[in-house]
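All remarks here apply to the structure that follows.
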Amino acid sequence: MRDGREKDWLFIEGLRLAEELAASNLEVTDFFFTPEFAANERGANLLAKFPDFRGAVLSEKLLESISDTKTPQGMVVLASKPATGRGVLSSEMLRRGEEASLLVILHKLNNPANIGAILRTAEAAGCSGAILTSGSADVFSPRSLRGSMGSAFRLPLWTNAAFGEAIEFCRAHKIKTVCAELNARKAHTEIDWTCARALIVGSEADGLALAEIALTDESIQIQMQPPVESLNVAVACGVILYEAARQRQFAN
């Protein structure tokens, strides 16, 4: 279960992430912890927030054997996964107003830490949700969850979408698609981000194929000083999404 492949449940460890879970409406089913964790004031406060869980007190050695991290923090939580899908995203956009939509589409990203970091940035920048295409790493794997630091619990998500489905969804909702591409003629600061937009980024190694770029409405690049040619995909998303947030803030 800790590899994130369990269909219905999340494997969560780390006090901060568990506190984010407590603030969400996800169901917690099991809570395993050490005596030291329960004796800690912050740990005891967290346990009090989950009065109906199944669980057990484990020795530190036994907890380490099921932990996904090198330095476990004395607890592991199992919780239900949030609902995902096209309908989840549509409902959120209708609630906010489609004209304000700002989405991020992650196409075949294979580094779960990057996915988690992008989701955290997307929520912070005011995104309506995220779409992850088939072939992307599991957004609910432990590494991705740690990177998102709670954003994966809250941000509306559509996972395992086909690239064409994501493009069609945006067209149906009158959302202009923008891809990050090294050879684009426009900088990310030169387009209007105040209308409904979806930022599309490709895999860390290969980016987007030419046929995929052709399906998008616009291409942009982040201008850089040579000899640097590219940024880490999570960093690039942060730069672009915060330009979108800046424009939208000044427009309101």
Taking [X] for its side chain and [Y] for its backbone only, find out whether a donor-acceptor pair lies under 3.5 Å.
X: Thr121; Y: Ala117; value: yes
X: Gln221; Y: Gln223; value: no
X: Ser134; Y: Asn160; value: yes
X: Gln247; Y: Trp193; value: yes
X: Arg248; Y: Cys195; value: yes
X: Ser136; Y: Thr133; value: yes
X: Ser144; Y: Ala113; value: no

Partners meeting salt bridge (Lys or Arg N to Asp or Glu O under 4.0 Å) with [X] (sequence neighbours left out):
X: Arg120; value: none
X: Glu60; value: none
X: Asp30; value: Arg54

Contact list for [range], test salt bridge (charged side-chain N to carboxylate O under 4.0 Å, His left out), sequence neighbours left out:
range: residues 121-135; result: Glu123-Arg154
range: residues 31-50; result: Glu19-Arg42
range: residues 185-206; result: Lys186-Glu218, Arg197-Glu218

Quick one: pull up [atom1] in [X] and [atom2] in [Y] and give me the separation to the nearest 0.5 Å.
X: Arg95; Y: Ser128; atom1: CZ; atom2: OG; result: 9.0 Å
X: Glu212; Y: Ile105; atom1: CD; atom2: CD1; result: 11.5 Å
X: Ser148; Y: Phe140; atom1: OG; atom2: CZ; result: 9.0 Å
X: Ile66; Y: Glu13; atom1: CD1; atom2: CD; result: 8.0 Å
X: Leu215; Y: Ile200; atom1: CG; atom2: CD1; result: 8.5 Å
X: Lys108; Y: Ser203; atom1: NZ; atom2: OG; result: 8.0 Å

Is any side-chain heavy atom of [X] less than 4.5 Å from a side-chain heavy atom of [Y]?
X: Asn111; Y: Arg143; answer: yes
X: Phe37; Y: Leu47; answer: yes
X: Ile222; Y: Ile240; answer: yes
X: His188; Y: Leu199; answer: no
X: Phe31; Y: Met75; answer: yes
X: Thr84; Y: Leu132; answer: no
X: Leu58; Y: Phe33; answer: no
X: Pro82; Y: Leu10; answer: yes

In this structure, would [X] and [Y] fall into the same cluster of hydrophobic residues linked by side-chain contacts under 4.5 Å?
X: Val57; Y: Leu15; result: yes
X: Leu26; Y: Val77; result: yes
X: Val139; Y: Leu145; result: yes
X: Ile191; Y: Ile175; result: no
X: Ile167; Y: Val104; result: no

Which atom names give the shortest non-hydrogen contact between [X] and [Y], and what distance separates them?
X: Ala22; Y: Phe50; result: CB-CZ, 3.5 Å
X: Leu89; Y: Pro156; result: CD1-O, 3.5 Å
X: Ala125; Y: Ala245; result: O-CB, 3.7 Å
X: Ile12; Y: Ala79; result: CD1-CB, 4.4 Å
X: Ala244; Y: Leu102; result: CB-CD2, 4.0 Å
X: Ala166; Y: Ile131; result: CB-CG2, 4.1 Å

With sequence neighbours excluded, tell me which residues meet ring pair (Phe, Tyr, Trp, His ring centres under 6.0 Å) with Phe153.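 With sequence neighbours excluded, Phe153 shows a ring pair (Phe, Tyr, Trp, His ring centres under 6.0 Å) to no residue whatsoever.
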Tell me every residue that passes ring pair (Phe, Tyr, Trp, His ring centres under 6.0 Å) with Trp158, counting only those two or more places apart in sequence or in another chain.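 With neighbours one apart ignored, the set is Phe169.
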How would you list all residue pairs meeting ring pair (Phe, Tyr, Trp, His ring centres under 6.0 Å) that involve residues 76-109, not counting sequence neighbours? His107-Phe163
Could you pull out all residues at least two apart from Thr177 that satisfy side chain to side chain donor-acceptor pair (under 3.5 Å)? Asp217
Going by side chain to side chain donor-acceptor pair (under 3.5 Å), name the residues that satisfy it together with Arg146, two or more places apart in sequence or in a different chain.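 Once residues adjacent in sequence are excluded, the partners of Arg146 under the side chain to side chain donor-acceptor pair (under 3.5 Å) criterion are Asp68.
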Evaluate the side chain to side chain contact (heavy atoms under 4.5 Å, CB included) criterion for residues Ser141 and Ile115: first the C-alpha distance (whole Å), next the side-chain angles of each, then the deciding distance (0.1 Å), finally the verdict. CA-CA 10 Å; Ser141 71; Ile115 289 177; over 6 Å; no
Sidechain N-carboxylate O distance under 4.0 Å for Arg246, Glu243: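 Judged by the 4.0 Å cut-off on N to carboxylate O distance, Arg246 and Glu243 do form a salt bridge.
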Residues 228-237, side-chain donor-acceptor partners within the protein, below 3.5 Å, at least two apart:
residue : atom : partner : partner atom : Å
Asn232  : OD1  : Ala234  : N            : 2.8
Asn232  : OD1  : Val235  : N            : 3.2
Asn232  : ND2  : Asn114  : OD1          : 3.3

Test salt bridge (Lys or Arg N to Asp or Glu O under 4.0 Å) applied to Arg86 and Glu168, Glu92, Glu165, the passing residue: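 Result for salt bridge (Lys or Arg N to Asp or Glu O under 4.0 Å) with Arg86: Glu168.
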